[in-house]
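Convention: sequence-line order gives letters A, B, ...; per-chain numbering from 1.
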Amino acid sequence: MNPAPLKKSWTSRPLPQMVYTRLIEFTREPQAVFWVYFFPLLMAFSLGIAFREKPTEDLLVCLVGNPLANSTGKPPIASGFVFSRETIDVAIGLLRRGRVDAILESEGINGEIKLKFHTDPTRPESALAKAKLETHLAHMNQPTLEPIPEVFLNLGGLRYIDFLIPGLLGINLMGGGLWGVGYALVDLRVRKLLKRFAATPMRVRDLLLSIAISRFIFTAGQVIILLGTSWLVFGVQIRGGFLDFCIIVILGGFCFLSIGLLVASRATKYETVNGIMNLVMLPMYVFSGVFFSAERFPEMLAPVIRILPLTALNDSLRAIMNEGRSITSLGFEVMVLGLWTAGTLALAMRLFRWR
Amino acid sequence: MYIETMDAAIECENLTKTYPGKPPVEAVRGISLHIKRGECFGILGPNGAGKTTALELMEGLLIPTSGTVKVLGKTWQKDSTWLREKTGISLQETKLSEELTVLETIRLFASFYQDSADPKDIIAQVSLESKSLSLIGKLSGGQKQRVALACALVGRPELLFLDEPTTGLDPQSRRQVWEMIQKFQAKGGTILITTHYMDEAEKLCGALAIVDQGKIIAQGSPGELLKDFGGQTRIEVDFLEPGPDPQWISPHSEITHMSEVSPNRFLLQTTSLIDSLPKVLAAATLTGKTIQTIRTHQPTLEDVFVGLTGRNLRDEVTGS
Ligand SMILES: Nc1ncnc2c1ncn2[C@@H]1O[C@H](COP(=O)(O)OP(=O)(O)OP(=O)(O)O)[C@@H](O)[C@H]1O
Ligand SMILES: [Mg+2]
């Protein structure tokens with residue numbers, strides 16, 4: 001008879017060993033570390049700097065006509081603004097090229113002066129210029145102000161970076177889950193390691209859990225680095241509860257992990273999994289409001305966009321980080337994430353193949 | 001250490017496997033085997049013969065299209081967890097993680113088994129102590145193969161499945177692998193090995209099945225196969241100068257056939273080299289001519305295969 005099996009220490013049990021080897025394997029691949037940790041930061045920095053609010057820099061406003069009731073004919077002076085006078089055609093051209101942030105046009109009709117804004121909805125400075133001008137005009141007691149609602153970017157005291165960081169977190173969780181799990185599994189399958197594991201007493205559960213856990217550890221690192229840096233550099237904050245934030249991150253991470261598992265449940269080639277992955281991710285990159293608000297898409301798309309997992313994740317992250325809302329007010333988003341997780345996980349377990 | 005019972009290590013009946021596709025590939029077409037405990041059983045056959053498929057059916061990694069497999073008296077459907085604990089497998093091709101060291105890899109595999117060997121002992125068994133902290137990616141092919149073998153051994157299996165464990169290795173590494181297999185067998189283990197090297201099969205295996213196009217075409221011990229299908233030993237005699245009497249040696253009981261290849265070269269066939277060689281020498285001396293060389297050729301499993309199929313063992317199976 002074989003001797004009775006010795007009780008193994010927990011470090012020599014399958015799950016800790018699998019997690020451990022996945023982690024050290026990862027740290028021994030410098031390129032992987034770069035892509036996982038520095039790329040998102042690079043993105044945050046470049047976008048954050050490109051779109052950062054420039055508190056010391058003045059907003060450039062073109063005046064058309066004589067909107068600020070200044071009889072001297074010279075541009076008025078107001079702190080925070082640099083005004084210039086142009087004809088409407090020239091001004092529109094400048095606005096298009098991003099050389100000015102907004103245009104304030106006045107039309108004298110029957111001695112009554114009407115004001116009109118021209119803004120560029122794709123640039124946050126533009127909305128900011130309009131908002132600030134409005135306050136400025138209110139202070140100057142301009143009587144007949146009828147601003148035309150042209151502002152699409154709902155900044156509401158929010159800077160672009162505050163809007164951007166939750167979106168970046170969202171795509172990192174998505175990419176991490178899909179690539180981390182999908183690619184890892186297909187890689188194991190291509191290398192016949194999955195089959196080799198199947199020839200041992202190791203259980204599928206341990207394998208999948210180990211991939212999930214190691215993924216969570218990487219992702220936690222990513223989230224901490226991204227959040228910490230954007231807090232230090234840009235002062236981005238989580239206004240809502242930290243616990244709520246963590247729950248949403250875990251929920252979102254788990255959701256994309258399950259989708260990754262489904263994507264890779266059968267694929268036997270890198271090309272296949274690449275293709276499916278892009279097919280899954282691209283629509284969400286575009287529609288789920290990563291770099292700009294999803295509200296800019298046509299109304300009829302809204303119901304579809306709302307049930308995409310990345311939309312649910314981004315919206316929840318923004319609600320918690322920027323609006324300080326609690327998770328209890330995010331029932332719909334949590335439900336969307338939960339349903340995607342349950343559905344894809346169940347399907348993935350049914351379809352999963354070792355070879 | 002091993003349970004001595006009369007039952008077989010592996011028994012399979014009429015195994016078939018057809019890979020779906022257009023057209024479907026009938027990789028295994030009715031294989032029945034009976035492998036005794038403590039035996040080293042070899043499956044010999046050319047590329048594409050169905051060796052790997054047959055092995056994976058027995059390893060429970062593939063589901064047979066029809067037929068039954070019993071391993072250590074149990075079936076994969078019912079007792080797979082127990083069987084996984086008792087079997088060690090080395091696949092024909094596995095790319096172990098390049099970024100892990102030998103020790104980390106063996107530890108990982110050890111963790112899967114309830115009753116695993118000490119990873120360091122196993123590494124010593126495959127003579128890789130000096131490499132135990134090297135990354136797998138930095139090992140030579142032969143060393144990687146030995147790591148794969150160590151992974152198969154670390155769960156203290158009773159039964160080893162080895163799919164071409166020495167393909168692509170140099171003679172030195174092959175001998176090391178053979179030694180490990182023999183050590184495992186000496187401790188009572190059972191081995192099922194596939195190969196297309198005859199010398200390997202002759203050296204290691206007590207019993208062999210020669211597989212071609214998904215079927216067993218001959219089965220038995222190497223000696224039996226050689227005797228039954230190998231043909232006779234040949235003796236080739238070259239004289240320095242031409243012209244001995246073509247009848248210089250008369251066929252007798254052992255020498256069954258003689259032919260004159262050229263005036264100074266003769267080819268004999270014999271059933272017993274030991275008995276006929278002195279007689280050949282004596283007869284040759286009587287001719288008064290000087291012998292330049294005598295070459296003998298004993299049948300090998302290669303000859304068995306050629307004799308059975310008319311093809312060489314390393315030829316690809318074409319259009320089956
Ligand atoms: N997954 C698969 N799908 C379809 N056909 C397959 C598959 N695996 C193997 N085959 C086919 O089955 C036949 C037997 O293959 P197998 O790998 O069992 O041969 P083998 O004897 O191990 O060959 P080798 O000596 O080259 O390893 C071959 O014709 C092969 O092309
Ligand atoms: Mg093979």
Side-chain angles (χ1 to χ4, degrees), chain A residues 1-33 183-211 213-214 266 268 270 353-355, chain B residues 1-4 19 52 55-56 58-63 76 79-101 103-119 135-138 148 151-152 154-158 160-161 163:
Chain A
M1 285 301 292
N2 282 327
L6 301 167
K7 192 90 186 109
K8 292 196 165 200
S9 68
W10 74 271
T11 48
S12 49
R13 299 180 71 83
L15 189 57
Q17 277 290 321
M18 297 277 283
V19 173
Y20 171 72
T21 49
R22 290 205 73 76
L23 291 179
I24 49 177
E25 240 186 289
F26 173 76
T27 57
R28 284 176 192 162
E29 279 178 64
Q31 329 83 288
V33 177
Y183 194 79
L185 264 179
V186 172
D187 186 52
L188 286 178
R189 194 178 283 121
V190 169
R191 285 155 58 203
K192 303 269 162 81
L193 251 186
L194 213 48
K195 190 162 145 194
R196 182 64 188 82
F197 286 150
T200 73
M202 198 242 315
R203 286 163 298 189
V204 204
R205 199 192 66 193
D206 283 346
L207 172 77
L208 298 183
L209 264 179
S210 75
I211 294 179
I213 292 172
S214 50
R266 292 221 166 163
T268 50
Y270 295 116
R353 285 219 184 128
W354 288 97
R355 41 170 58 238
Chain B
M1 180 172 175
Y2 296 99
I3 316 160
E4 287 297 331
Y19 289 112
T52 299
L55 203 65
E56 289 184 359
M58 293 184 245
E59 291 166 342
L61 291 175
L62 279 179
I63 296 164
W76 287 109
D79 296 294
S80 81
T81 317
W82 186 87
L83 280 172
R84 292 282 169 230
E85 292 280 349
K86 302 287 177 192
T87 52
I89 288 176
S90 154
L91 298 172
Q92 187 168 353
E93 37 168 352
T94 306
K95 292 205 185 68
L96 294 166
S97 303
E98 307 237 309
E99 303 294 339
L100 293 180
T101 67
L103 185 60
E104 285 160 353
T105 306
I106 306 300
R107 275 213 187 110
L108 173 66
F109 275 85
S111 76
F112 301 155
Y113 298 87
Q114 299 268 321
D115 173 33
S116 56
D118 181 350
L135 296 181
I136 301 275
K138 299 261 170 3
C151 292
V154 78
R156 297 182 197 272
E158 289 178 21
L160 263 188
F161 292 95
D163 199 353

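Taking CG of B/Leu108 as the start and OG1 of A/Thr21 as the end, the distance is 4.5 Å to the nearest 0.5 Å.
Proximity of a side-chain donor or acceptor of A/Arg196 to a complementary backbone N or O of B/Lys95 within less than 3.5 Å is not detected.
Proximity to chain A (any heavy atom under 4.5 Å) is shown, for B/Gln92, by neither the backbone nor the side chain. If you measure heavy-atom distances from B/Glu59 to chain A, you find no contacts under 4.5 Å at all. Both the backbone and the side chain of B/Leu96 come within less than 4.5 Å of a heavy atom of chain A. The part of A/Tyr20 that comes within reach of chain B is its side chain, from C-beta onward, which places non-hydrogen atoms under 4.5 angstrom from that chain.
Residues of residues 200-211 of chain A having a heavy atom under 4.5 Å from any heavy atom of chain B, listed by number: A/Thr200, A/Pro201, A/Met202.
Interface remark: of the candidates A/Glu29, A/Met18, A/Glu25, A/Glu25 forms the most heavy-atom pairs closer than 4.5 Å to chain B.
Ring geometry for A/Phe197 against B/Phe109 counts as tilted: the plane angle lies between 30° and 60°, on a 0 to 90° scale.
Scanning for salt bridge (charged side-chain N to carboxylate O under 4.0 Å, His left out) contacts around A/Arg28 gives B/Glu104, with sequence neighbours left out.
Neither side chain, A/Arg22 nor B/Ser97, offers a donor N or O lying under 3.5 Å from an acceptor on the other.
Summarising the geometry of A/Ser12 relative to B/Ser111, their closest heavy-atom pair is O-CB, 3.2 Å, with the distance given to 0.1 Å. A/Ala199 and B/Ile89 get closest at one heavy-atom pair: CB-CD1, 3.6 Å.
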